[in-house]
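Right, one structure below, let's go through it.
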Amino acid sequence: MLRGEMDQASLKLHHDSVHRFLLVAQKKLDKEVLICIHPLYSIEYFRNFYKDFKIVKYKYEVLNC
């Protein structure tokens, strides 16, 4: 609210940058990326941007690190 609405082009650029970063991190660390979203957000929205990753909501998973 403080910074106002973001236009769609800026949102797409942001999500594309995060997606590229997560792909590189996943490859370098040889670990699966799991995206856990806030309960108020829609999983479908994030699936449009992060198709290569598992997206969960309302789940606590123990990861073997």
Side-chain angles (χ1 to χ4, degrees):
M1 288 179 81
L2 295 176
R3 65 177 185 252
E5 296 274 330
M6 290 183 70
D7 61 278
Q8 292 301 314
S10 295
L11 281 173
K12 179 165 178 18
L13 179 63
H14 166 75
H15 288 297
D16 288 346
S17 297
V18 172
H19 185 263
R20 282 192 306 273
F21 169 78
L22 292 174
L23 284 173
V24 169
Q26 179 173 262
K27 186 175 181 178
K28 283 190 173 222
L29 299 173
D30 195 28
K31 297 282 186 180
E32 178 184 2
V33 170
L34 175 68
I35 300 174
C36 183
I37 63 169
H38 190 277
L40 295 178
Y41 295 149
S42 166
I43 285 182
E44 287 73 29
Y45 173 80
F46 287 94
R47 282 190 182 141
N48 289 329
F49 296 104
Y50 304 102
K51 295 178 194 245
D52 299 325
F53 306 110
K54 182 177 179 183
I55 303 171
V56 296
K57 177 162 72 168
Y58 301 118
K59 293 185 182 178
Y60 297 100
E61 294 189 16
V62 176
L63 302 175
N64 296 325
C65 296

Starting at OH of Tyr50, measure out to CG of Asp52 and round the result to the nearest 0.5 Å.
11.5 Å
Parallel, tilted or perpendicular: which fits the ring planes of His38 and Tyr41, with parallel below 30° and perpendicular above 60°?
tilted
Quick check for you: to the nearest 0.5 Å, what is the distance between Lys31 atom NZ and Gln26 atom CD?
11.5 Å
Quick one: list whatever passes ring pair (Phe, Tyr, Trp, His ring centres under 6.0 Å) with Phe53, sequence neighbours left out.
His19
Locate the shortest heavy-atom distance separating Val56 from Ile43; write the atom from each residue and the value.
C-CD1, 4.5 Å
Partners passing side-chain hydrogen bond (donor to acceptor under 3.5 Å, both in side chains) against Gln8 (at least two apart in sequence or in another chain)
none
Please say whether more than 12 non-hydrogen atoms of neighbouring residues, nucleotides or ligands are located less than 6.0 Å from NZ in Lys57.
yes
Could you state the interatomic distance from OG (Ser42) to CZ (Arg47), rounded to the nearest 0.5 Å?
8.5 Å
Those residues that, when tested against His14, pass ring pair (Phe, Tyr, Trp, His ring centres under 6.0 Å) (two or more places apart)
none
Determine, stepwise, if the pair Leu11 / Tyr45 fulfils side chain to side chain contact (heavy atoms under 4.5 Å, CB included).
CA-CA 12 Å; Leu11 281 173; Tyr45 173 80; 4.0 Å; yes
What's the spacing between Phe21 CZ and Asp16 CG if we round to 0.5 Å?
15.0 Å
Going by the angle between their ring planes, with limits at 30° and 60°, are Phe49 and His15 parallel, tilted or perpendicular?
parallel
